[in-house]
Number of protein chains: 2
Amino acid sequence: MRSQSSWAWLGIVAAAFVSVDAGANAELAKLSQDPSNWAMQAGNFANHRYSELKQINKDNVGKLKVAWMMSTGVLRGHEGSPLVIGDTMYLHTPFPNKVFAVDLDTQQIKWKYEPRQDSAVIPQMCCDTVNRGVAYADGKIILQQADSMLVALDAKSGKLIWSVKNGDAKLGAVNTNAPHIFGNKILTGISGGEWGVRGYISAYNLSDGKLAWRGYSTGPDSEMLVDPEKTTTWIDGKVAPVGKDSSLKTWQGGQWKTGNGTTWGWYSYDPALNLVYYGTGNPSTWNPSQRPGDNRWSMAIWARDLDSGAVKWVYQMTPFDEWDYDGINEMILADIQHKGKTRKALVHFDRNGFGYTLDRVSGELLVAEKFDPAVNWATHVDMKSGRPQVVAKYSTAHGGPDVNTKGICPAALGSKDQQPAAFHPKTKLFYVPTNHVCMDYEPFRVDYVAGQPYVGATLAMFPAPNSHGGMGNFIAWDASSGKIVWSKPEKFSVWSGALATAGDLVFYGTLEGYIKAVDLEGKERFRFKTPSGIIGNVFTYLHKGKQYVGVYSGIGGWAGIGMAAGLEKDNDGLGAVGGYRELRNYTDLGGTLTVFTLE
Amino acid sequence: MRSQSSWAWLGIVAAAFVSVDAGANAELAKLSQDPSNWAMQAGNFANHRYSELKQINKDNVGKLKVAWMMSTGVLRGHEGSPLVIGDTMYLHTPFPNKVFAVDLDTQQIKWKYEPRQDSAVIPQMCCDTVNRGVAYADGKIILQQADSMLVALDAKSGKLIWSVKNGDAKLGAVNTNAPHIFGNKILTGISGGEWGVRGYISAYNLSDGKLAWRGYSTGPDSEMLVDPEKTTTWIDGKVAPVGKDSSLKTWQGGQWKTGNGTTWGWYSYDPALNLVYYGTGNPSTWNPSQRPGDNRWSMAIWARDLDSGAVKWVYQMTPFDEWDYDGINEMILADIQHKGKTRKALVHFDRNGFGYTLDRVSGELLVAEKFDPAVNWATHVDMKSGRPQVVAKYSTAHGGPDVNTKGICPAALGSKDQQPAAFHPKTKLFYVPTNHVCMDYEPFRVDYVAGQPYVGATLAMFPAPNSHGGMGNFIAWDASSGKIVWSKPEKFSVWSGALATAGDLVFYGTLEGYIKAVDLEGKERFRFKTPSGIIGNVFTYLHKGKQYVGVYSGIGGWAGIGMAAGLEKDNDGLGAVGGYRELRNYTDLGGTLTVFTLE
């Protein structure tokens, strides 16, 4: 009897867990469908960064005024955005990764959480100590700390509920990405592409923080959760199984072990397919002749089953990367017309300068076209093989180590980096913050030492030729045809995330510190100078009947690393990002949230 | 012939220098009379913090909007304000004391100057690493660095013209005060009251940075530039000569050598009298029984001849200080009606809680009344002797060391600290940011060790009783009668400087981060939440026909030291300023300039 009742009790508990988890997912879906909230970093599971709010529209946006501001108390680069759930806003900061809950009625701080992290993490973060924000579900705020600790906080009190270690920071496995909550799982990635970290994506249970599954980017099929027969890729003009050892075969010896494919971007989720989409980063080192082969599955788009992590399909954009064209940029899900058919599409703007449209169900390659006119490293993507056609003079492996290959476009930070694009359902266009920057690239021999930088190239970046000095464009992109619809030049790279709204507007920020709103034809309707350069993502919410638009300012990130790390005083110290030196004439460090509204 | 022409040449050069200096003074006077500029920290030589601008007035101030903002890239407390000369704004920061020149048309940064200072200075700054701003004259920006270096920068290029060492930072002689330019001289003080620094005021030539004169606060007459017969003080109901060794006689042994009287406040200047006015700080140590005597001339108001430094008169407010009622607060010059006569007055709101009105020509004491109802350490100031009548139970020397004297009002940070008041010529009233805070005070024996803290007391500060939790008031003060005209309670101490304008407005900032405007009756007409707590001073200027009002936010200073130095995480670490612990629920660190205008 005792035993039986014990089992019964367990059964009830298990059912309750399922119910809580399902409830959390349903709750999050519902929260994100109410445009009063900004319940997830991208606004929805599809990464649209679109809001149905239209109180602020193209005709009145010129009257937008600052409603209130809040300093975060942290100087370095501020990526991501706050969340808004009901009457509470949740802010985050770069290292040390503070989290604040702010009462929207009073702007008072309800609670602050400040983890104690070893500052040894700071120099391990290649491209500034950024953090892309928290996630919310089931009464929990989920924070992915720099030191790889994933923590769940009580959204009401800020008290720690659970924490789990996601990587070994001593080996350079640190974090910058936002955690993503899909279903009853928290998905998070890993950084450390310049430390030889073998990349993986991890799924943790929202309820208790236990690891549900982990899928590596390289190595044995079993560790990648690849089924040689069921996992497919685009090859020879069709979708076909990847076959046995699809990764192992493309690396020399055990190089896949330090082969990277890190996973620090913006993921998306299709609940109907139960598939999660994300990208993997560069192979190590940046000296390509040291690691011959296609280096699979670095530089790839992945579709995994949410429950099991099993890989449905994978597509490698840049086999044998020679330029650090890290493939982690966001995956946006939308229905796209293609050759007369509506396709359940995935759209991705890669660092390599190509905008990809794939069928997200099958992984079929539909479109791969340049979204940055500067791109010269490849003539085009061969649609049959899916492979870019590399221009020999821009191959950095061609000359071997210690040869400086000049004038490669784009630069290593790509035609676009992590700064996420927005999708507008009315125009079916994508609004993309882009870079317009080229580089000279000189690889050199490097040995892997655990926990040490493993880079292997020196770079110099500079504005693209014939760009009239402009280092970026904000563009509208037609993913059906792979064409730029319009392009608005900017002085510096556009390193902030975009926001599209039903007010027929698209917002973005600039490195000088302007938040701008353009209409759907690309005409500027509003600009305002915030306290520092913007690398955060614009977000919107409704509170007590009024629409607000907000953004973090706080120069930094890769483009702003010169300022963030105090290198700009020493011209030589800027190295790779010397092209951004002039930023010091426009802005200084400091994290601030600025919130705008109509009067 | 050669010798003669050489002399003639020297003569011409000398004449040119005189001309430049006179020109510089005339230029500064002229610049400060044009309300388009904010040419000196206090707006004019008299410390009025008043502007004739009235485009923004009590009827339209409610429509004030943020025009633009700029992060300074420094986290700790931001006191003082920028200057505006023509189309250029000059910003400064706390340590490391950066200076920016900003083009008002484009908000672009024309130049930045960042001194390289030894960070050993930081722990020597008792009450946060603040700096109260730069001065301008004759094409030069004058910066008083924390490490005591006084530097002249070319206002056009930011290039260093000259620099001079004003004190020995190794002994704790550091700086927080703004330099003041009067005539052809730069006047600057010294900090280090908690390091046993012997205070002095120094006058340097604007042209070349050479020391013109230096007057000590304590010690031999010759070093104070006191003439026993000609220098007067208020005694026995009249102005009379101080007599020989007026300081030496009031110290035991050589204690005047570590006797402080530091000079880090806001000075004023009367060109007609050619007199400079300023105050001296506390005697060392904070353990009074260790230094018997009146400890002259700590805690005093001084009038010195600008050219020679000779002391015209001196008045000690708090003989034998037992509470750290540092007398450095600003001296405001105005014509005041007193007993039917117009007096050339000096008005001063002291840390000790008394508002003083003196005849600034003679040093005659006219009024000394409490401007904070909490004040309990003295019943009143005896007008004949000029001495406060101390209440025995609040004497910290009474019980001797290691006795905790409870409930003293005001606390050591005074009924007002350095946060400067404004004077409105229309109402002839003074608008005063005040504290409303009390303390328990326990002195202890301490030995002087050069370059080490020399404090000798532990304190606990808390809101004044019956204050309904409010730790400050913004008040209007009648200096003729010594009466509070109105008082507006604030949750925290009002630690920002006030600005009065011809728009019938007075502006000030709060520690939570609000800039507020009240009309001349004290009614709130405008408030706006800036990014951080405000301890800066409000300023105004006109650019291309539009009036702007600006202020630094950036929590810190003595009231905010808990946050600025990261002590607020550890309640015990807050010590003296525990009463401000709740600030963490309102704001976080970060220096930002916010500039407002009407649409």
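From a predicted model like this one, the values you see are computed outputs, not experimental measurements. Chain naming here is simple, since letters A, B, ... match the order of the sequence lines and numbering starts at 1 in each.
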Using heavy-atom distances under 4.5 Å, tell me whether B:Val102 contacts chain A through its side chain, its backbone, both, or neither.
neither
Taking A:Ser71 for its side chain and B:Leu589 for its backbone only, find out whether a donor-acceptor pair lies under 3.5 Å.
yes
Taking atom OG1 of A:Thr587 and atom CE of B:Met70, what is their separation to the nearest 0.5 Å?
6.5 Å
Once you round to the nearest 0.5 Å, how far does CG of A:Asn585 lie from NZ of B:Lys112?
8.0 Å
Applying a strict 4.5 Å limit to non-hydrogen atoms, the region of A:Phe596 in contact with chain B is neither
Under a 4.5 Å heavy-atom cut-off, does chain A meet the side chain of B:Lys63, its backbone, both or neither?
neither
Is A:Lys110 in contact with chain B via its backbone, its side chain, both, or neither, using a 4.5 Å heavy-atom distance?
neither
Tell me, with the steps shown, if B:Lys65 and A:Glu599 meet salt bridge (charged side-chain N to carboxylate O under 4.0 Å, His left out).
CA-CA 10 Å; B:Lys65 300 289 179 238; A:Glu599 292 202 79; 2.9 Å; yes
For B:Thr72, is it the side chain, the backbone, both, or neither that has a heavy atom closer than 4.5 Å to a heavy atom of chain A?
backbone
Counting C-beta onward and ignoring hydrogens, is there a side-chain heavy-atom pair between A:Thr592 and B:Met69 closer than 4.5 Å?
no
Among A:Trp68, A:Trp111, A:Phe100, A:Phe528, which residue forms the greatest number of heavy-atom pairs with chain B at distances under 4.5 Å?
A:Phe528
CD (A:Glu512) and OG1 (B:Thr106) are apart, to the nearest 0.5 Å, by 11.0 Å
Heavy-atom distance under 4.5 Å to chain A: side chain of B:Tyr586, backbone, both or neither?
both
To the closest 0.5 Å, what do you measure between CG (A:Asp588) and OG1 (B:Thr93)?
8.5 Å
Determine the option with the most heavy-atom pairs under 4.5 angstrom with chain A, choosing from B:Ala67, B:Gly533, B:Gly513, B:Gly591.
B:Ala67
